[in-house]
Amino acid sequence: MDLREDSIRLESLQATSRNMSSSSSAFFSANQSPFFSPRSSTCQLSESTRSDAQCNSINLSADPPSSSSGIQVPECLAEVGFSGFEKFDHMPSTTLVASGIRSSYDHMGDNGYNVPIAKHRKHMRNHYMSFSPVPISLSSNRRRSYDVYIGLHGRKPSLMRFTNWLRAELEVQGVTCFVSDRARFRNSRKHELMERAMDVSSFGVVILTRKSLRNPYTIEELRFFSSKKNLVPIYFDLRPGDFLVRDIVEKRGELWEKHGGDLWVLYGGLEKEWKEAVNGLVRVDEWKLEAQDGNWRDCILQAVTVLAMKLGRRSVLEQLTKWRDMVDKEEFPFPRNENFIGRKKELSELEFILFGDITGESERDYFELKARSKRKNLTVGWSKSSLAEERHRASGSRKGKEPVIWKESEKEIEMQSFERQHYQRPKGGQNSRRKRSKKTVYGKGVACVTGDSGIGKTELLLEFAYRFHQRYKMVLWIGGESQYIRQNYLNLRSFLEVDVGVGNSIDKSGIDSFEEQEEAAISRVRKELMRNIPFLVVIDNLESEKDWWDQKLVMDLLPRFGGETHILISTRLPCVMNLEPLKLSYLSGVEAMSLMQGSMKDYPSADIDALRIIEEKVGRLTLALAIVGSMLSELPINPSRLLDTINRMPSRDILWSGREVHLLRKNTFLLQLFEVCFSIFVHADGPGSLATRMVLVSGWFAPAAIPISLLSLAAHKVPKKHNGTQFWRKLLHSLTCGFSSSYSKRSEVEASSMLLRFNLARSSTKEGYIHFNELIKVYARKRGVTGAANAMVQAVASRGSLSLHSEHVWAACFLLFGFGNNPKVVELRVSELLCLVKQVILPLAIWTFVTFSRCGAALELLRVCTDALEAADEAFLTPVEKWLDKSLCWKPIQTNAQLNPYLWEELALLRATVLETRAKLMVRGGQFDIGDDLIRKAIFIRTSICGENHPDTIAARETLSKLTRLLANVETHTSS
């Protein structure tokens, strides 16, 4: 078996540690551990403050550990200096323990003592050279005691996943562990070492399964730790009441009919000792932990809490309490949909793709999973992979489940399993092309769901996350929009407790480039996700496989597939990362009818026919069906009359462009449905309906949850306009009779409540936030309400907060500056621009650069900001004419700078501040020549306006002198 394949399969339980308070835990040796193959390689890193939990052959990295506290956002621009950035501490000396390699520092001879073997030193040094740039000290001292001994029996994937998670979680909290499945070994010396580990452990955790009681080593562990009164049993897929000696021996009950009997006979033990061990479980009343399919997370956290309390680690209890509070508030972006309908097969298939099996209720719900048949003897093109496959077929591969073959290249990782070649017969000679091969991999932790907007992809992912969240430490939800995905990914730092801020210092011999700093920040987050602790990373609405900022593959952000962390993606793209996605289809007719009817009583046949017509006309979109259902439940109207109202609603003339509006362009009935909702709001609240304006302005916000207060402020800035004729007002009045009295004069809370009730928006788990579907936001933008985009920018400028909603601050910048080929949407007056740059843009750029190491995005923001200020400055210097000046021919024509000297000076000084900030940030990436040019421009502006002796001018000259010295040092170093 290949080393990499072997390491991937056995990485789940490795002798690694992550100790926050003391030295790291370890297995005695790889040769003594049941979770190491003879050829797998592992490293163990221990730190004084926080140590790693995984270092394996998949992704060997020795990035310095990062603090859990984030870098504070500077309150003033003066903090952006050479010493104003946080620095990373160097990683302390590290202890490496290699599994399966008889090294000089971890080799047990026949006499039980360390035997130095010098010839392995060079091999180990070369092995770790690629990932260990920091000093490493190799320790030959063996740990003499452990906090917890974890014993188990079996190789079931779910058992291994649970045990691996438990060990990693304990070691994160500084609890040293020794994990062992002694039944897998026959060597007496290894068993002696494991017994020694049991003896020196403070507590013994024994994971009990259906087959544990027929294992002599599990019985021995139960008797040993019971006698010391430090046994902590965990019942895996079992309950404490199942362990009754009489039921087991007499095979009573469904469980023990298969697994019961005289179990001590199977391994040649004594009946008395076996019964003593089982009866000992009954006497353990305080620490009975049950790990059922739906409570893994709770069980593991309870186990960590109990053990930490008994070990006297009170700080662990405080950390766990704080973490639980954070998870309860921020884990999910939306509340669970209690009216979720259908999708049983899709949920089961997602479970099968991610975990490789189906358990519990999903197994009964799953009706059929079509096998991906592989067309044999079909060759589309020759490559190294296809040649290897042909040799594999020629040698005679075994029947059954096909092996998963991993391939790595610099650009992508391809996966082969259940491969299906889409072959197209040539039609035109050499110009014919074949379709791209797609691959579906089961049990490797990555799944992709594709479908049209509004079909229910987010609802499916949300329901899956709620159903299976107990199998993960946390659900990490990421918006997949191309302009925001990298920022959303780095926002995980607060949940993973890593620092992704800049860490370079100018006094170092070498300074990393901006690209290297960004890659380092991403690698820190990715490294946390590659530990043995399982997370579920949900990427919702992935727009592109490439990042919008630098066109790098989004796949570079993700941890390698096949680890404990699972990746779940929703997208409108037909294919992502060469994976065959799960194509999400429409709801069945019965499910669609149930969604529209809701809790309403049965309709007559004519209304049922009307509902079916509505279903077809809205394209069977789940979003549209939910809106129809809410209208029927909120208004005194039947389906037939609603259908007639929608058909009679005039459609607006909209100029459609772009691929995102394709669905709206071809579905005019859906647009008429939206207009009926807006008309209802207008009738209920008057021509200036706040709810309507909130929807229309929402299209210009970022694709994230929007604060109701910020949305309402922007809506109030949209000019009111009375639309509609007398006929439509009368018609809507007849439809909403009795509805308007309870909805008069909406406040922002009442308006948002109305949007939620009509399913035009959905609630967020953040209090005071709501979220809009992308279809509705696209229609709001295309509807073209005058002043909506300006209103959004002005609202963000007045109440924008970097810590609370930085996505919307970025959205305002996109509207104001355009970026790249995108056109500018908003034009501000000079006074408004100055206020926005001071209060929003400069703090955003510094915060993005310092806190998240997004150097490219921050510098680009400052560059386009500089261009906007220069354009405003040129406009100020352009001569202007007034009608009064024409009558007075002797009066010279003046410029705006002469007419508004104070405003022009403020504009020029702000431009100098932006230039100086850019110069200081350029130092962080070693671009001294560009920084020198920028600071000279800033000095010229300040000298011209403030004079040479002004403090700001003097400070800029000091910056220039530092840059000059740095530039000279670089030139000297280069020439030498």
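Computed over heavy atoms, backbone and side chain alike; hydrogens, waters and symmetry mates excluded.
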**Prompt:** Which pair of heavy atoms, one from Val446 and one from Ile353, lies closest together, and at what distance?
**Reply:** O-CG2, 3.2 Å
**Asked** About how many Å separate CG of Leu529 and CG of Leu492, when rounded to the nearest 0.5 Å?
**Response** 6.5 Å
**Request:** Could I get the full list of side chain to side chain contact (heavy atoms under 4.5 Å, CB included) partners for Arg799, not counting sequence neighbours?
**Result:** Ser709, Leu710, Leu713
**Request:** Return the set of residues passing side chain to side chain donor-acceptor pair (under 3.5 Å) with Tyr484 (not counting sequence neighbours), or none when no residue passes.
**Result:** none
**Message:** Run the side chain to side chain contact (heavy atoms under 4.5 Å, CB included) test against Gln470 and tell me which residues pass, sequence neighbours left out.
**Reply:** Asn295, Arg297, Asp298
**Prompt:** Hey, does the side chain of Glu330 reach the backbone of Val327 with a donor-acceptor pair shorter than 3.5 angstrom?
**Reply:** no
**Prompt:** Salt bridge or not for Glu564 and Arg531, using N-O below 4.0 Å?
**Reply:** no
**Message:** Rounded to the nearest 0.5 Å, what separates atom NZ in Lys457 from atom CG in Leu542?
**Reply:** 11.0 Å
**Prompt:** Is the backbone of Phe701 close enough, under 3.5 Å, to the side chain of Lys777 for a donor and an acceptor to pair up by distance?
**Reply:** yes
**Prompt:** Is the count of non-hydrogen atoms from other residues, nucleotides or ligands lying under 6.0 Å from Glu767 atom CD greater than 12?
**Reply:** no
**Asked** Going by an N to O cut-off under 4.0 Å, is there a salt bridge joining Arg526 and Asp556?
**Response** no
**Prompt:** Between atom CD1 of Ile522 and atom OG of Ser853, what is the distance when rounded to the nearest 0.5 Å?
**Reply:** 9.5 Å
**Side-chain heavy-atom pair Leu496, Leu476 within 4.5 angstrom cut-off** = yes
**Request:** Verify, without hydrogens or angle tests, whether Arg572 (side chain) and Thr450 (backbone) share a donor-acceptor contact under 3.5 angstrom.
**Result:** no
**Asked** Which residues satisfy the salt bridge (Lys or Arg N to Asp or Glu O under 4.0 Å) test with Glu519, sequence neighbours excluded?
**Response** Lys552
**Request:** Drop me the distance from Cys855's SG to Gln517's CD, to the nearest 0.5 angstrom.
**Result:** 4.5 Å
**Charged tip of Lys473 within 45° of Trp323 ring normal and under 6.0 Å** = yes
**Message:** If I take atom OG from residue Ser482 and atom CG from residue Asn541, how far apart are they, to the nearest 0.5 angstrom?
**Reply:** 9.5 Å
**Request:** Looking only at non-hydrogen atoms, find the nearest pair between Ala705 and Ser764 and report the distance.
**Result:** CB-OG, 4.0 Å
**Prompt:** Which residues pass the side chain to side chain contact (heavy atoms under 4.5 Å, CB included) test with Ser752, sequence neighbours left out?
**Reply:** Met694, Ile708, Ile770
**Asked** Is it true that Trp847 and Phe852 have ring centroids separated by less than 6.0 Å?
**Response** yes
**Request:** Look at Asp550 together with Arg486 and state whether they make a salt bridge at an N to O cut-off of under 4.0 Å.
**Result:** yes
**Complete:** salt bridge (Lys or Arg N to Asp or Glu O under 4.0 Å) filter on Arg863, not counting sequence neighbours, yields Glu860, Asp867
**Request:** For residues Gly480 and Ile539, report the shortest heavy-atom separation together with the two atoms involved.
**Result:** CA-CG2, 3.9 Å
**Asked** For the residue pair Ala797 and Val840, what are the closest heavy atoms and their distance?
**Response** CA-CG2, 4.0 Å
**Request:** Sequence neighbours left out, what passes ring pair (Phe, Tyr, Trp, His ring centres under 6.0 Å) with Phe464? Give chain and number order.
**Result:** Phe468
**Request:** First locate atom CD1 of Ile485, then atom CG of Asn491, and finally report the distance between them rounded to the nearest 0.5 Å.
**Result:** 12.0 Å
**Item:** Residues that Glu459 engages under salt bridge (Lys or Arg N to Asp or Glu O under 4.0 Å), provided they are two or more places apart
**Value:** Arg762
**Message:** If the condition is side chain to side chain donor-acceptor pair (under 3.5 Å), which residues does Arg854 pass it with, not counting sequence neighbours?
**Reply:** Gln487
**Asked** Under the side chain to side chain contact (heavy atoms under 4.5 Å, CB included) test, which residues partner Ala812, sequence neighbours left out?
**Response** Met792, Val793, Val796
**Message:** Do the side chains of Arg467 and Glu463 get close enough for a salt bridge, i.e. N-O under 4.0 angstrom?
**Reply:** yes
**Request:** Over all heavy atoms of both residues, which pair between Ser544 and Leu573 is shortest? Give the atoms and the distance, please.
**Result:** CA-CD1, 3.9 Å
**Asked** Angle class for the His808/His805 ring planes (parallel below 30°, perpendicular above 60°, tilted otherwise)?
**Response** tilted
**Message:** Under the rule for ring pair (Phe, Tyr, Trp, His ring centres under 6.0 Å), what residues qualify as partners of Phe819, not counting sequence neighbours?
**Reply:** Trp549, Phe814
**Item:** Results of ring pair (Phe, Tyr, Trp, His ring centres under 6.0 Å) for Phe495 - residues two or more places apart only
**Value:** none
